[in-house]
Amino acid sequence: MADFDVVVIGAGPGGYVAAIRSAQLGLSTACIDEWKNAQGKQSLGGTCLNVGCIPSKALLESSENFERVSHDFSAHGITASDVQYDLAKMLARKDKIVSDFTSGIVQLFKKNKVTSLLGRAQLLGREGDFWRVGVEGGEEVRAKHVVIATGSTPRVLPQAPFDGINIVDNSGALSFTQTPKHLVVIGAGVIGLELGSVWRRLGAEVTLLEALPTFIPVADEQVSKEALRAFTKQGLKIHLGAQVNSVAQEAGTVKISWRDAQGVAQELVADKLVVAVGRVANTLGLGAETVGLKLDNGGRVVVDDHCRSNLPNVYAVGDVVRGPMLAHKASEEGVMVAELIAGQAGHCDLSVVPGIMYTAPEIAWVGKTEQQLKESGVSYKSGQFPFMANGRARSLGDASGFVKILADTKSDRILGVHIIGPMASELIQQAVLALAFSASSEDLARIIHAHPSLSEVVHEAALAVDKRAIHI
Ligand code: FAD
Ligand code: AMP
């Protein structure tokens with residue numbers, strides 16, 4: 001039986017980062033993960049690398065390139081006829097990116113001397129200063145500190161259980177070997193909209209059924225409205241306030257019976273159904289009951305601001321705890337926990353976590369939305385600037401959307417930044433930086449921004465807070 005200072009359970013962006021940082025800080029570290037790829041080999045990186053962030057972005061890029069060549073290039077004077085795509089090649093490219101990165105983690109573990117173990121881990125109990133951790137099919141290990149980073153799994157809709165062929169989760173939706181004729185997606189959240197966009201661009205008719213009456217409620221209302229307009233114009237059929245009653249499979253098709261927002265019974269026939277109705281914390285079989293690990297009603301490990309659980313020296317990070325289910329949040333918590341274990345002052349500020357949707361247009365935000373500020377009675381001012389008035393956006397041929405900055409009326413401190421438009425995913429980072437350093441809108445307004453660049457739209461929005469935007 002091997003003893004370690006730190007044993008991390010789960011090698012997603014929360015777990016593998018926690019393991020590397022622990023090892024960097026001189027702690028003997030093991031990371032246990034059970035994920036295997038289609039070839040039965042261990043595949044580190046968790047949901048994010050295997051079936052989440054990275055493969056979805058690979059397919060979003062490929063499908064967007066196809067759409068651009070087919071529809072947008074003619075405006076540049078470039079014509080291409082009979083444009084085709086090779087789906088098998090597209091999927092192989094995506095798989096290669098995934099396998100390159102998963103083997104990259106193997107190398108990082110080697111370089112940092114992290115012991116990598118394959119198998120399902122279970123907390124067995126306490127033995128002196130150590131926690132005993134069982135590894136299915138392997139030897140038990142002992143750890144002074146345990147970091148639980150077991151992530152999340154797709155939420156199952158009882159009326160539409162996954163069969164992995166016609167009714168699928170994100171994993172299945174990243175691997176269709178043929179473009180569906182009609183794809184129905186239940187859940188118009190980040191995952192549903194990204195995956196729906198991929199297959200629409202590749203030629204599928206895509207219908208999204210969303211239970212809530214509001215579209216992307218986590219985003220700023222103005223951004224959500226603009227997004228709904230843009231996605232609908234592209235051809236995504238989005239039904240809000242939809243209630244899915246039953247799903248039946250008949251002769252290779254999926255029949256979805258649902259009620260629309262007016263309560264009228266409707267029916268859709270699809271060749272594939274993607275269920276993307278959120279994700280649940282993955283604590284099943286972890287031994288929580290055996291060791292008395294406290295979980296909340298959603299099955300998440302209960303933790304404090306420093307990701308400490310109710311048990312001594314047991315931490316939990318990422319999707320398995322409260323907060324947004326995002327890879328960068330998981331990683332940052334992983335770093336914090338490793339530093340705390342090493343006796344340093346770890347810190348992770350959940351009020352400045354950027355949220356991003358990699359649709360076209362891209363959507364990104366950080367801080368408070370206008371509706372949240374109104375609800376909490378905070379007095380704010382707002383500055384907005386459209387990409388349409390920006391030379392770089394016009395040159396790119398992608399000038400829809402805007403940047404909106406919300407700042408405190410009195411102190412001018414930036415409270416929220418909301419972007420819909422080209423490269424919003426990259427532009428948001430300067431807003432994150434501004435919020436992290438408690439910048440005012442004037443701070444941003446007085447910083448030189450390169451010309452011509454998309455970042456000038458952020459600059460102009462900051463100027464607009466003080467009603468002094470130049471180009472509008
Ligand atoms: P995970 O990545 O889920 O990793 C958990 C790991 O633990 C897995 O490898 C699992 O096999 C292992 N494990 C679980 N239980 C055990 C056990 N008992 N023993 C051993 N191993 C175990 N986030 C973003 O920030 N940006 C994006 O663009 C983005 N896109 C996404 C797209 C899709 C389609 C999906 C599904 C998710 C996306 N996410 C995105 C969310 C992101 O993937 C998650 O927030 C992130 O992976 C969470 O990291 P984690 O380390 O907490 O858990
Ligand atoms: P996300 O949390 O971004 O993964 O998005 C999940 C989406 O699924 C949210 O917009 C939810 O409102 C939506 N959703 C959850 N349950 C259902 C349901 N039964 N039918 C349709 N949409 C749902």
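We count ligands from 1, going down the list as the structure has it; atoms in each ligand are counted the same way. Computed from heavy atoms alone, side chains included, the values below leave out hydrogens, waters and symmetry copies.
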Nearest heavy atom to [atom]: which of [options] does it belong to?
atom	options	answer
atom 36 (C) of ligand 1	L195, N170, L286, I9	N170
atom 34 (C) of ligand 1	T283, V51, T47, I148	V51
atom 48 (C) of ligand 1	D319, L118, L326	D319
atom 6 (C) of ligand 2	A276, G355, G241, A160	A276
atom 43 (O) of ligand 1	P13, C48, G323, S171	C48
atom 42 (C) of ligand 1	C53, G14, P354, A11	C53

What are the atoms of ligand 1, with element, lying closer than 4.0 Å to any heavy atom of [X]?
X	value
T150	5 (C), 7 (O), 14 (C), 15 (N), 16 (C)
A149	5 (C), 6 (C), 7 (O)
G119	19 (N), 20 (C)
G10	6 (C), 7 (O), 12 (C)

What atoms of ligand 2 come within less than 4.0 Å of a heavy atom belonging to [X]?
X	answer
L209	21 (C), 22 (N)
L157	19 (N)
I186	20 (N), 21 (C)

How far is [atom] from the closest protein heavy atom, and which atom is that?
atom	result
atom 9 (C) of ligand 2	E210 OE1, 3.6 Å
atom 3 (O) of ligand 2	V190 N, 3.1 Å
atom 33 (C) of ligand 1	G52 CA, 3.4 Å
atom 4 (O) of ligand 2	G278 CA, 3.8 Å

Between [Y] and [X], is the closest basic N to carboxylate O distance under 4.0 Å?
X	Y	value
R200	E205	no
D129	K144	no
K329	E332	no

Close side-chain approach of K272 to W199, heavy-atom, < 4.5 Å: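 K272 vs W199: side chains apart.
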Contact check: Y358 vs ligand 1, nitrogen or oxygen atoms, below 3.5 angstrom: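 No: no nitrogen or oxygen of Y358 is under 3.5 Å from one in ligand 1.
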What do you reckon, does [X] have a nitrogen or oxygen under 3.5 Å from a nitrogen or oxygen of ligand 2?
X	result
R155	yes
V277	no
I191	no

Verdict with reasoning, H239 to W258, per ring-ring contact (aromatic ring centres under 6.0 Å, His included): CA-CA 11 Å; H239 300 280; W258 59 288; 4.9 Å; yes
